[in-house]
Each structure stands twice: as structure tokens, then as C-alpha cells.
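Heads up: the structure comes next, in C-alpha cells.
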Amino acid sequence: MGQVFLLLFGSSILAYIYQQNAVVVQSKKIRKRNRKSSNFLGVFCYVGLVITLILFSGLRTRFNDTSLYIASFLLNVEGTFEAIKNINTELGSNPGFQLYQIFIKIIFGNNEVWFLTISAFIAVVSFLSFYRKYSKDFMLSIFFFIGSTLYFFTMAAQKQVLAMAIGIWVLPLTIEKKWIKAAIVLLLAITFHPYVFTYIAIPFLLGKVWSIRSTILIVAAVVVGTYMERFVPYALEATEYIGDIYTYEELTGGEGLNIYRLIFFLVTPILSLVFKNKINDNNDDKIFKCCVNLSLVSTGFLIIASFGGANFFGRLANYFEVFNYIALPGIITTCFDERLKGFVKAGSMAAHSFFMYTYFSKYGTSLTVEYFGHQSITALFK
């Protein structure tokens with residue numbers, strides 16, 4: 001347990017030092033508006049943060065689905081150019097991910113550490129760059145990113161995480177109305193995991209928060225959850241269409257999402273509803289507003305997951321969770337007055353710390369327990 005809390009607080013300190021030494025570079029372009037320059041100390045801490053999160057993830061030998069991905073890479077991936085001809089191009093077979101693994105094996109050989117480390121590099125660099133550019137409080141975004149366990153999710157679902165790491169950049173491209181580039185980025189992401197196509201909702205959620213469209217999403221989620229048995233056949237047809245086969249039991253089975261997880265993630269939608277007018281009237285940041293609306297999509301999937309099929313619908317929610325850590329820090333920073341802001345920040349950090357504790361407690365609560373089986377960096381050269 002000690003290692004994950006050391007990572008949480010150590011990373012947050014590095015993020016805070018960077019934030020204190022960063023200067024916003026104004027630009028008319030959305031993707032560059034929050035680009036930051038920094039002095040040596042700031043750059044050093046940011047690079048240190050990136051390297052820490054990459055190596056912590058890349059040098060693991062176990063955790064969640066890690067062993068399955070390692071076995072698949074070592075046993076099922078051919079490291080030859082000839083193997084490219086045999087790629088299954090159905091979207092449900094993740095052709096982009098297949099090609100990605102083949103090229104790693106061609107370049108670095110049959111060494112799973114490179115596969116995990118390169119995957120960690122892509123995910124960490126993409127997510128942290130996104131938060132660095134667009135978050136109103138970079139330190140809070142990093143604290144929430146780790147404390148919510150989304151960072152640890154990047155070690156569990158490699159195909160989905162790589163699709164997310166690519167797909168999130170559809171948002172700034174859409175706001176700039178660079179439709180062709182946005183479509184190319186989304187199509188590339190879909191080849192890693194087809195469910196990232198849900199990012200097609202982004203253009204419809206620009207503008208004001210808690211608009212009619214975003215409100216309909218929440219209402220629809222409640223309706224689908226309540227009458228799930230009637231909607232599951234349509235979901236099965238949709239997954240079969242893209243070549244990904246699920247059974248009825250897989251979509252409806254299980255006890256449903258943990259109610260405490262649902263309550264935890266309802267905080268952002270509730271706060272955004274309370275401060276709806278303040279966000280809409282006093283904030284012209286399109287990225288921030290859209291991230292608030294996208295957090296409602298995540299909540300919608302979590303509501304459905306609370307009725308059953310938590311694994312499937314919970315993972316759909318993960319696609320949009322990444323935007324929550326732009327939305328929540330933005331709400332805290334812009335909507336609370338100075339007297340309450342510090343208290344709310346401290347409370348939210350305590351809540352995320354407790355949430356992370358409850359998540360890892362199922363694996364063991366000892367301070368010295370090793371969840372990830374980390375190996376030396378020399379494993380890259382074995």
C-alpha cells in the first residue's frame with residue numbers, strides 16, 4: 001500500500017512544482033491556448049513526473065490483465081513483416097493493436113518489457129500532455145488521475161487505453177473544426193479498440209453545460225438501466241456488427257457496479273449542475289465546458305452499470321473518465337470563492353486518497369505489499 005501512496009503524493013508534488021513554475025502562453029488556437037513554458041526547475045519536475053509514471057507502469061510484471069497481455073505478446077505475436085499480411089482487419093480484432101505489437105517485436109525482439117514500457121509511454125505522455133495543456137489546476141488533475149485509479153487502469157486494458165490516448169485529441173481538433181484531422185485520429189483510435197467510436201458524441205456536446213442534449217443523456221441512461229433487458233439485444237447486435245462478440249449474460253450478469261463508486265463519480269455532475277449558470281455565463285473555455293458534458297456521459301454509463309453488466313458498461317465509462325479530471329479541477333478552481341477553495345481542494349484530495357485505499361485494500365493493506373512485481377530497468381536489455 002505504501003508504494004501507491006508514495007506514487008500519488010510524490011507525483012502530485014512534482015506536478016505542483018511544475019505548475020508553480022509554468023507560464024501560460026496565450027494563443028488564438030485552442031490546442032495551444034494552455035501551452036505552458038517553464039524554467040529549468042519546472043521542466044525538470046515535469047520530465048521527472050513523466051518518467052516516473054512510465055517506468056512504474058512499464059516495469060511491472062503483474063497486476064490485473066498484465067500477465068495475459070505478456071503471454072499473448074510472447075506467444076501469439078510474430079515479429080516478422082510477413083505477419084503483417086495475416087492481420088485480421090475486422091474492427092473487433094483490433095488491427096491497429098495487432099500491427100503495433102508486430103512492429104514492437106520486429107524492432108525490440110521478444111521482450112515483453114519493451115511492449116509494456118512503450119504502451120506506458122504512449123498513455124502517460126498523451127494523458128499528461130492533455131492535462132498540462134487544458135487543466136486549470138494541473139496538480140489536482142494529476143492527483144485525481146492517480147487517486148481515482150484511472151492511471152492504474154492503464155495497466156489493465158492496453159487496447160482500450162491506447163485507443164483513449166489517441167482518441168482524446170479528437171476534442172481540440174473538433175473545437176477547431178478540423179474535421180478531417182479529427183476523423184483520421186478517431187479512425188486510428190478505433191483500430192486499437194472499436195468502442196472509442198463513442199467519442200463521436202464530442203461534437204454534440206460542445207457549448208453550454210447541462211443543455212437539453214446532455215440532460216437527455218442522463219435520463220436515457222436511467223431509462224436504459226431500468227429496462228436493461230429490453231435494450232440488451234440491440235447492444236448485442238451493435239457489438240456483433242463490429243466483430244466483437246458478447247453474450248447476454250456478459251452484458252447483464254453480475255451484481256452491477258459498486259454503489260460507492262457510482263456515488264464517488266456523481267460529484268462532478270452534481271457540482272456542475274449546482275454551478276451551471278456560473279460555468280455557462282462566466283467561462284468561455286470550450287474545452288472545459290465540453291469536458292464537463294463528457295463527464296456526464298461517463299456518469300450515464302456508470303448508472304447503467306449499476307444495474308448490471310458492470311464490466312462492459314463500466315469500461316465504456318472509462319473512455320470518458322479521462323475528461324472528468326479536466327472538469328472537476330476546473331469547477332473547483334473557477335466556481336468556489338477563495339475562502340472555500342482550499343477546503344474543497346483538501347476535501348477532494350482526501351476523498352480520492354480514500355477511494356484509492358479502498359481499491360487496493362482488496363489486494364492487501366500492508367505498507368510493504370507489492371502489487372506490481374516491479375523489475376529492474378535493466379530488464380529492457382535482457
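Positions are given from 1, in the same order as the sequence printed here.
Taking the centre of each ring, F360 and Y371 come in below the 6.0 Å mark. The distance between the ring centers of Y319 and F301 does not fall below 6.0 angstrom. With ring centers used as reference points, Y325 lies 6.0 Å or more from F127. F275 and F336 have their aromatic ring centers within a separation under 6.0 angstrom.
Atom OH of residue Y359 and atom OG of residue S361 lie 11.0 Å apart, to the nearest 0.5 angstrom. Here CG of L173 is found 10.5 Å from CG of L186. Values are rounded to the nearest 0.5 Å. Between the CD1 atom of I17 and the SG atom of C45 there is a distance of 4.0 Å, given to the nearest 0.5 Å. If you take OG1 on T89 and CG on L99, they are separated by 12.0 Å, rounding to the nearest 0.5 Å. A distance of 8.0 Å separates CG in N86 from OG1 in T80, rounded to the nearest 0.5 Å.
Y363 pairs in a ring pair (Phe, Tyr, Trp, His ring centres under 6.0 Å) with only one of the listed residues (Y357, F63, F372), which is F63.
Within a 6.0 Å radius of CD1 in I200, no more than 12 heavy atoms belonging to other residues, nucleotides or ligands are found. Residue K208 qualifies as open at atom NZ: its count of foreign heavy atoms under 6.0 Å is 12 or below.
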task = Assess whether side-chain contact (heavy atoms from CB on, under 4.5 Å) is satisfied between S72 and F115, documenting all intermediate values.
result = CA-CA 11 Å; S72 178; F115 166 62; over 6 Å; no
request  = List the steps and the verdict of ring-ring contact (aromatic ring centres under 6.0 Å, His included) for Y199 and F323.
outcome  = CA-CA 11 Å; Y199 281 5; F323 301 109; 5.6 Å; yes
query = W179 and T174: side chain to side chain donor-acceptor pair (under 3.5 Å), yes or no, with the steps?
reply = CA-CA 6 Å; W179 303 112; T174 298; over 6 Å; no
query = After noting the C-alpha distance and the side-chain angles of Y134 and F288, does the key distance pass the ring-ring contact (aromatic ring centres under 6.0 Å, His included) rule?
reply = CA-CA 8 Å; Y134 304 121; F288 168 51; over 10 Å; no
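Checked by atom type and distance alone, the side chain of Y131 pairs as donor or acceptor with a backbone atom of V322 at under 3.5 Å. Judged by distance alone, the side chain of K136 and the main-chain N or O of T334 form no donor-acceptor pair under 3.5 Å. The backbone N or O of L53 lies less than 3.5 Å from no partner atom in the side chain of S57, so there is not a single donor-acceptor pair. Judged purely by atom type and a 3.5 angstrom limit, W114 has no side-chain atom pairing as donor or acceptor with the backbone of G109. R60 contributes no side-chain N or O that, together with a main-chain N or O of T66, makes up a donor-acceptor pair within less than 3.5 Å. A donor-acceptor pair under 3.5 Å is formed between the side chain of N293 and the backbone N or O of L205.
Cluster annotation: I263 is connected to V274 through the hydrophobic network of ILVMFWY side chains, with a link wherever side-chain heavy atoms come within less than 4.5 Å. Linking Ile, Leu, Val, Met, Phe, Trp and Tyr whenever their side-chain heavy atoms come within less than 4.5 Å puts L266 and I332 in one cluster.
A cation-pi contact, defined as under 6.0 Å to the ring centre and within 45° of the axis, links R132 to Y46. Relative to the six-membered ring of F343, K345 misses at least one condition, a distance below 6.0 Å or an angle of at most 45° to the axis. Annotation: cation-pi pair K105/F73 present, NZ/CZ under 6.0 Å from the ring centroid and within 45° of its normal.
With sequence neighbours left out, the side chain to side chain contact (heavy atoms under 4.5 Å, CB included) criterion links F121 to I54, V125.
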